[in-house]
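Throughout, a chain's letter reflects where its sequence line sits, starting with A, and its residues are numbered from 1.
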Protein chains: 2
Amino acid sequence: MESPQKTTSAHDKLLRAAAALFYDNGIGGTGIDAVVQRAGVAKKSLYNNFTSKADLVSQYLEARHAEWLALNDARQEGAQTPRERILAVFDAYRDHAEFAYERGFRGCGLLNAAAELTADDPGRQVVRRHKEEVEALLLAPLSELLPDDPARAGRLARQLSFLLEGAMARAGLEGSSDQLLEARAMAADLLVTL
Amino acid sequence: MESPQKTTSAHDKLLRAAAALFYDNGIGGTGIDAVVQRAGVAKKSLYNNFTSKADLVSQYLEARHAEWLALNDARQEGAQTPRERILAVFDAYRDHAEFAYERGFRGCGLLNAAAELTADDPGRQVVRRHKEEVEALLLAPLSELLPDDPARAGRLARQLSFLLEGAMARAGLEGSSDQLLEARAMAADLLVTL
DNA sequence: AGATATAGGTATACAGACCTACCTACTCCG
DNA sequence: CGGAGTAGGTAGGTCTGTATACCTATATCT
């Protein structure tokens with residue numbers, strides 16, 4: 001089987017430790033030794049569960065994406081109208097921002113990672129997929145609201161996703177997640193005319 | 001005096017080389033040796049002109065900020081109305097995006113650097129100042145357009161700056177600067193109602 | 001011209017990176 | 001039970017990074 005949870009599998013402990021350190025100090029700024037020390041496991045265990053640091057990074061990115069999806073699903077549960085489903089995406093982003101580790105909020109972990117990965121790194125693909133998925137989640141309700149104008153729905157989805165991304169980038173710079181609330185309010189404003 | 005241009009001062013050669021390498025490979029991904037080799041300069045010269053790599057990074061960030069300001073000034077020359085002055089800021093960002101080195105476009109160098117710098121790094125302060133300055137450049141014409149509603153002008157400036165930032169972040173991910181054109185069009189749309 | 005500062009170039013200290021090796025111990029499973 | 005797989009722990013190997021030292025050569029300034 002995959003891993004029927006022995007105590008708390010070394011794999012999970014490593015991923016959790018890597019998540020905190022990668023987010024706080026950056027990927028390049030985090031050494032293998034720091035990860036195993038924080039995880040409280042032997043270095044051997046790391047290389048039993050991951051083929052390399054790049055593999056650990058890749059799984060870290062996937063995990064953060066999955067983490068956000070779960071938060072979004074939870075928010076979508078409570079959303080009824082298309083308009084609420086759009087704002088739920090903004091709420092999910094804000095929820096995700098609460099995942100700050102000890103060094104404080106530093107913006108979107110996926111975006112930060114992409115900024116530090118080289119252009120050909122496979123990890124960037126994960127980040128691109130994430131952003132596409134978010135945009136699709138914005139587009140679906142908009143298409144419902146504007147069934148006769150798909151072009152406008154597409155432009156609006158893109159605009160909202162830019163807004164979200166920009167708010168996240170600025171939030172990371174300032175170290176606060178207030179910008180995500182602002183962005184949500186802006187999105188709500190844009191939607192009242194529909 | 002400062003440095004009355006001997007031939008092409010080592011300081012400039014180093015900054016130019018660092019700019020290309022930092023932008024293409026990231027700051028952490030760029031070693032001192034690579035910088036001096038590309039600059040065609042001795043390592044001694046680096047440590048004569050800069051106290052450390054951190055100093056080089058800091059001056060790199062300042063230089064990119066100044067570079068953008070120059071591009072913006074040029075664009076503002078041709079702008080007459082407040083509306084044009086706002087769109088000129090978007091144009092300047094697009095101009096700046098054309099500063100791609102051999103590895104292609106990778107988004108806003110300042111934002112990428114901030115993503116990879118730790119929370120307490122002084123370099124982040126430079127990036128914050130840059131973003132504040134951009135937002136101020138957006139706010140001034142909006143205050144002219146909305147002299148009786150400064151609150152709305154402020155919100156709009158912030159929204160436009162989020163739009164710009166988000167487009168830049170996405171553009172860096174995709175490796176293309178088309179998103180900046182989209183953002184300019186969105187901004188133009190938002191301004192027609194004023 | 002002579003003094004001072006800057007530059008080239010190589011060698012090197014010193015730390016930290018990623019990864020592997022070896023040995024021991026526990027646990028799972030037929 | 002006995003063997004295989006996973007885990008802990010330490011040690012080391014190789015590479016790369018930042019920064020300095022030393023010596024020579026060139027350029028600038030009085």
**OP:** With sequence neighbours left out, write down each residue that passes salt bridge (charged side-chain N to carboxylate O under 4.0 Å, His left out) with B:D121, or none if nothing qualifies.
**Re:** none

Original post:
Atom CG of B:L46 and atom P of D:dT18: how far apart are they, to the nearest Å?
Top reply: 10 Å

Original post:
Quick one: A:N48 CG to D:dG9 C1', roughly how many Å, whole number?
Top reply: 13 Å

Original post:
Who passes side chain to side chain contact (heavy atoms under 4.5 Å, CB included) against A:E62, sequence neighbours left out?
Top reply: A:V126, A:R129

Original post:
B:Q37 has an atom CD; how far is it from atom P of C:dG8, in whole Å?
Top reply: 14 Å

**OP:** Let me have a per-nucleotide readout for nucleotides 11-27 of chain C, 5' to 3', with B, S or -, counting only protein heavy atoms under 4.0 Å.
**Re:** ------SSBB-B-----

Original post:
Would you call the rings of B:F105 and B:Y23 parallel, tilted or perpendicular, where under 30° means parallel and over 60° means perpendicular?
Top reply: tilted

**OP:** Return the set of residues passing side chain to side chain contact (heavy atoms under 4.5 Å, CB included) with A:A187 (not counting sequence neighbours), or none when no residue passes.
**Re:** A:L87, A:F90, A:L160

**OP:** Give me the bend of the helix from C:dA1-D:dT30 to C:dG30-D:dC1, using the axes of the five pairs at each end, rounded to 10°.
**Re:** 20°

Subject >> Those residues that, when tested against A:R184, pass salt bridge (charged side-chain N to carboxylate O under 4.0 Å, His left out) (two or more places apart) >> reply: A:D91

**OP:** State which residues pass side chain to side chain contact (heavy atoms under 4.5 Å, CB included) with A:D120; sequence neighbours excluded, sorted by chain then number.
**Re:** A:T118, B:R103

Original post:
What pairs with B:E182 under salt bridge (charged side-chain N to carboxylate O under 4.0 Å, His left out), at least two apart in sequence or on another chain?
Top reply: A:R158

Subject >> Nucleotide D:dA7, atom P - distance to NZ of A:K13 in whole Å >> reply: 9 Å

Original post:
Partners of A:E116 by side chain to side chain contact (heavy atoms under 4.5 Å, CB included), sequence neighbours excluded?
Top reply: A:I27, B:E116

